[in-house]
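Chain A is the first sequence line, chain B the second, and so forth, proteins listed ahead of strands; every chain is numbered from 1.
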Amino acid sequence: MPVPEGYDSAVVEAKWQDRWRSRGTNATDIGAGADKFYALMMFPYPSAEGLHVGNLFAFTGNDIYGRYHRMRGRTVFEPLGYDAFGIHSENYALKVGVHPSVLIPRNIANFRRQLEQAGLMVDWRYAVETTDPEYYRWTQWVFLQLYDRGLAYRKQAAVNWCPFDKTVLANEQVINGECERCGSKVEQRFLEQWFFAISRFAPRLLANLEGLDWSDTTKTAQRNWIGKSEGAEIRFPTEGGDAVATGDLAVRVFTTRPDTVFGATYLVLAPEHPLVATLTTADQRAAVDSYRQLTADQDLVSRRIGTREKTGVFTGSFATNPATGGRIPVWVADYVLMDYGTGAIMAVPGHDERDFAFATVFGLPIVQVVAPEGVAVSAGAPLVAAYTDGGRLVQSERFDGLTVDEGKRRITAWLADRGAASPVENYRLHDWCISRQRYWGPPIPIIYCDTCGPVPVPADQLPVVLPFIADFKPDDSGVSPLARHEEWYRVPCPRCGGAGRRETDVSDTFLDSAWYFLRYPSATRTDVAFDPAMTRRWLPVDSYIGGNEHAVLHLLYARFVTMVLHDAGLLDFEEPFTRFRAHGHIVRDGAKMSKSRGNIVNPDRYMTEWGADAFRTYLMFLGPYEQGGDFHDGGIAGPRRFLDRLWSATIASTTTGTADARVMSELHRTIRKVTEDIPRLSYNTAIAALMAYMNVIRSGERTPHRAEVAPVVQLVAPFAPHIAEELWERLGHTTSVFDDGWPSFDPALAAEHTVTVAVQVNGKLRGTVIVAPDAAQDDVYAAALAEPGVAKHATATTRKVVYVPGRLINIVVGG
RNA sequence: GCCGGGGUGGCGAAACUGGUAGACGCGAGGGACUUAAAAUCCCUUGGGGGAAACCCCGUGCGGGUUCGAAACCCGCCCCUGGCACCA
């Protein structure tokens, strides 16, 4: 075999990246091409550290999928952009003392360089940057679409407040109840903030999941997050406090266990519950007020994750249990949350762990009303713990003996007849707070006017440009950074022309990413957010790939925004992502690769040393794409050697004579394997099959025939696009390998002529026989017994024979 | 605590729908080529026993179902990601 010219990845990759640019190979004709395929990848946050191996792993997997579909004849659109607003950029900018408007373009340029070096098939003409006013103008427009439909509203909500820095903190900036920057104790403050009414869409968001081709883990995560629970709302009339009562003084509680109402021995209201003030008696007022003050002062993080020790106070008033008619006390405790259900519960300490703990601390009565099947309960027997399992009702008067499920139905119906209850479905999903008291985000397009109230900025006045503020650090003034920019802050009211003030909050980054996939095909349009025709053509997204850390928030918000725009008549579909697959994560030293863990690896070095193609192939070979893999420097030599072999085999291949029939049969099996593995994202096994085939065509240092290697160049192309282009050209083609189709396999050629059948005796492997794939059981049985190793063990009478054609024969002998 | 994902050679992993466990790669050992080295190529490589033929053991642990289990069922242990008083 002649010594072939070596494979110089640097030269090949530079050459083809140039060619792709000059020939527009990666540009999609989004207005024309047939059989569209929108291959979307979650866009990255362009960090200052640059692209890391984890990003590249994710992008490469999407790129392979996109390139594969292109080779199969579809018009593939693979756009990419940058999610560059948000607290990460802002905090980093503060840390290094460079303004984010300077930092971000620099980071984006670096990302772009790295992404191009990696050989992604991205059509950069449609790149989007969320920080570009031409983009966030439409983010603001999306806000107004929600506002116009009554889906954006303001309400008081708690934020973490640092009294020293005089600023709002995100939950992750609160460490052990203290400000991460100055260490002072963080408090709760109530601010008017903007919310999107996503909870109204909870039933639809849940129901639509059914029809989506998404990773099961992601769907499960969304279902849990939406958190539907069925139960009843039950009214407990109260006697009121001392004050002369007006209005309805009944406490409405939500419960999933109406069957246990006979065991409800007290009520608990959340500290923020509106009835607390009315129900509190003069005797208890001081205690209740100070308890409410205490919970109000606590920061959100401690309130949420804080100790599970139960605290609370008695209001002094009583309610009537509508089932027993008994008089039960009404308490206030922070273990009841105002923003779930009705903000009040009926406490059943016998059958709820939290209520049990509370009742134990405060000496409240505990009554057992459910007992395990067949267990008798005497009224006085104390429970040592809450009994939360199923069983039959006891001490529940006429309902005794019913199962828990029957009890739920019958008791709810019984109470409903008397106007004391109604069946209710409750959702855990909360409305989406989009206000951020920050600088680095798109301003919320609202102007406050003393006479007109909040007025939306008219669409033709968008964007509300984020003003340049050199010093955007929070200061002692206690106002949002944007409020300090006087010329920007003071504007005339769009409605009456009077004095107005701009909203100084910016919106959540999740809003930027909740619609970016709609923007890509229309990224070049300055007159609309998304062009109707282009949107009909390209959406919904055919394949969306991203990290499962966005399984709930981002994916849910994107679905919500799409649903709203659909209802507004702006989109003709209501689910944006037909198919979604979560990729795994690259692990290093036993932990997910992430900035916070400080174990990130910059891919530049590897791409320079081994080539982008080898590095891409290596990353995909590490492990199953949907599970991720373990990054270790050593392994990359294997994929690189594979490409070296592919190179030399292709260069040296001959056109004289004919291809070896057995090699060709193996080739067709390999084509089949790779063709089946790529759509399943089983990239590691596809690569393994290609490597195994290379071992076959080169075994015994034979010179392969061109027909044996040419299809391999095509099969490798999605993984290692540069070398594939180069070899394809050297094979005499003038068009891109990505426009020359995908090899098809011939099932007849791929079929095996003989198969090795495992022979077991009593389940233990005792030999193998080589037979035709469709050999009859009797023939295989005879052949098996002719094997000495088998005959030796199969001496007793054969009782049974199990034959799996092409696989195995198991001879069961003896008695 | 709850909900996912996982546990297979020295290492990363493979195994279709229950059918020869360890494909493919890394590393390691041996050999060829070379003055030598690198590169490349070939062979070996789960553990134990045996001169060999061959035998036994082996997919986190303990049971079970089955002709047959890495895969299914029951009960545990460990690692990992997310959620977190959701009534």
### Query
With nearest nucleotides of RNA chain B determined for A/Arg257 and A/Gly623 from heavy-atom distances, which residue corresponds to the more 5′ nucleotide?
A/Gly623
### Query
Which comes earlier along RNA chain B counting from the 5' end, the contact point of A/Arg807 or that of A/Leu622, where each point is its nearest nucleotide?
A/Leu622
What is the base-pairing partner of [N], counting Watson-Crick and G-U wobble geometry with both distances under 3.5 Å?
N     : answer
B/G27 : B/U45
B/C2  : B/G82
B/A32 : B/U40
B/C61 : B/G75
B/A15 : none
B/A70 : none

### Task
Check each of A/Val348, A/Val369, A/Val370 against A/Asp259 using the side chain to side chain contact (heavy atoms under 4.5 Å, CB included) test, and report the only one that passes.
A/Val370
### Query
If the sugar-phosphate is the primed atoms plus P, OP1 and OP2 and the base is the rest, what is the B/S/- string for nucleotides 1-6 of chain B, using protein heavy atoms under 4.0 Å?
--SSSS
### Task
Give the B/S/- string for nucleotides 44-57 of chain B, one per nucleotide from 5' to 3', where a protein heavy atom under 4.0 Å of the base yields B, of only the sugar-phosphate yields S, and otherwise -.
----------SSSS
### Task
Go through the side-chain N and O atoms of A/Ser215 and A/Asn548 and say whether any donor and acceptor fall under 3.5 Å apart.
no
### Task
May I ask you to check whether A/Ser229 and A/Asn426 show a side-chain donor-acceptor distance below 3.5 Å?
no
### Message
Could you work out, with side-chain contact (heavy atoms from CB on, under 4.5 Å) as the rule, every residue matching A/Ala786, not counting sequence neighbours?
### Response
none
### Query
Who passes side-chain contact (heavy atoms from CB on, under 4.5 Å) against A/Ala688, sequence neighbours left out?
A/Phe621
### Query
With a cut-off of 6.0 Å (strictly less than), are more than 12 heavy atoms of other residues, nucleotides or ligands near CD of A/Glu353?
no
#### Entry: Residue pair A/Leu206 / A/Leu429, side-chain heavy-atom distance below 4.5 Å
no
List for me each residue that meets ring-ring contact (aromatic ring centres under 6.0 Å, His included) alongside [X], sequence neighbours excluded, and say none if there are none.
X        : result
A/Phe358 : A/Tyr266, A/Trp331, A/Tyr335, A/Phe362
A/Phe510 : A/Tyr557
A/Phe642 : none
A/Trp214 : A/Phe580

For atom [atom1], what is the distance between [N] and [M], given to the nearest Å?
N     : M     : atom1 : result
B/A32 : B/A15 : P     : 38 Å
B/U45 : B/C24 : C1'   : 15 Å
B/G19 : B/G4  : C1'   : 30 Å
B/U8  : B/C79 : C1'   : 15 Å
B/G22 : B/U44 : P     : 14 Å
B/U59 : B/A21 : C1'   : 7 Å
B/G58 : B/A69 : C1'   : 14 Å
B/G5  : B/C73 : P     : 13 Å

Between atom [atom1] in [X] and atom [atom2] in [N], what is the gap in whole Å?
X        : N     : atom1 : atom2 : answer
A/Lys310 : B/A87 : NZ    : C1'   : 11 Å
A/Asp630 : B/G10 : CG    : P     : 17 Å
A/Leu808 : B/C67 : CG    : P     : 14 Å
A/Leu555 : B/G82 : CG    : C1'   : 14 Å
A/Phe236 : B/A87 : CZ    : P     : 16 Å
A/Ile586 : B/G81 : CD1   : P     : 15 Å
A/Glu626 : B/A14 : CD    : P     : 12 Å
A/Gln760 : B/C67 : CD    : P     : 13 Å

Please report, to 0.1 Å, the donor-acceptor pairs under 3.5 Å made by any side chain of residues 677-684 of chain A, with sequence neighbours excluded.
| from | atom 1 | to | atom 2 | distance (Å) |
| --- | --- | --- | --- | --- |
| A/Asp677 | OD2 | A/Lys673 | NZ | 3.2 |
| A/Asp677 | OD2 | A/Thr685 | OG1 | 2.8 |
| A/Asp677 | OD2 | A/Ala686 | N | 3.4 |
| A/Ser682 | OG | A/Thr685 | OG1 | 2.6 |
| A/Tyr683 | OH | A/Gly61 | O | 2.7 |

### Query
Is A/Ile345 touching bases, backbone alone, or none of the nucleic acid, heavy atoms closer than 4.0 Å?
base
### Query
So what does A/Ser229 hit on the nucleic acid, given a heavy-atom distance under 4.0 Å: a base, only sugar-phosphate, or nothing?
sugar-phosphate
### Torsion-based syn/anti label for B/G46, 90° from 0 as limit
anti
Report all side-chain donor-acceptor pairs from residues 757-765 of chain A shorter than 3.5 Å, counting only partners two or more places apart or in another chain.
| from | atom 1 | to | atom 2 | distance (Å) |
| --- | --- | --- | --- | --- |
| A/Asn762 | OD1 | A/Val813 | N | 2.9 |

### Task
Could you pull out all residues at least two apart from A/Arg292 that satisfy side-chain hydrogen bond (donor to acceptor under 3.5 Å, both in side chains)?
none
Heteroatom pairs (N/O) under 3.5 angstrom, protein to nucleotides 22-27 of chain B:
| from | atom 1 | to | atom 2 | distance (Å) |
| --- | --- | --- | --- | --- |
| B/G25 | OP1 | A/Asn695 | ND2 | 3.0 |
| B/C26 | OP1 | A/Arg641 | NE | 2.9 |
| B/C26 | OP1 | A/Arg641 | NH2 | 2.7 |
| B/G27 | OP2 | A/Arg641 | NH2 | 3.1 |

### From B/A13, B/C85, B/U20, nucleotide with atom closest to A/Pro624 side chain
B/A13
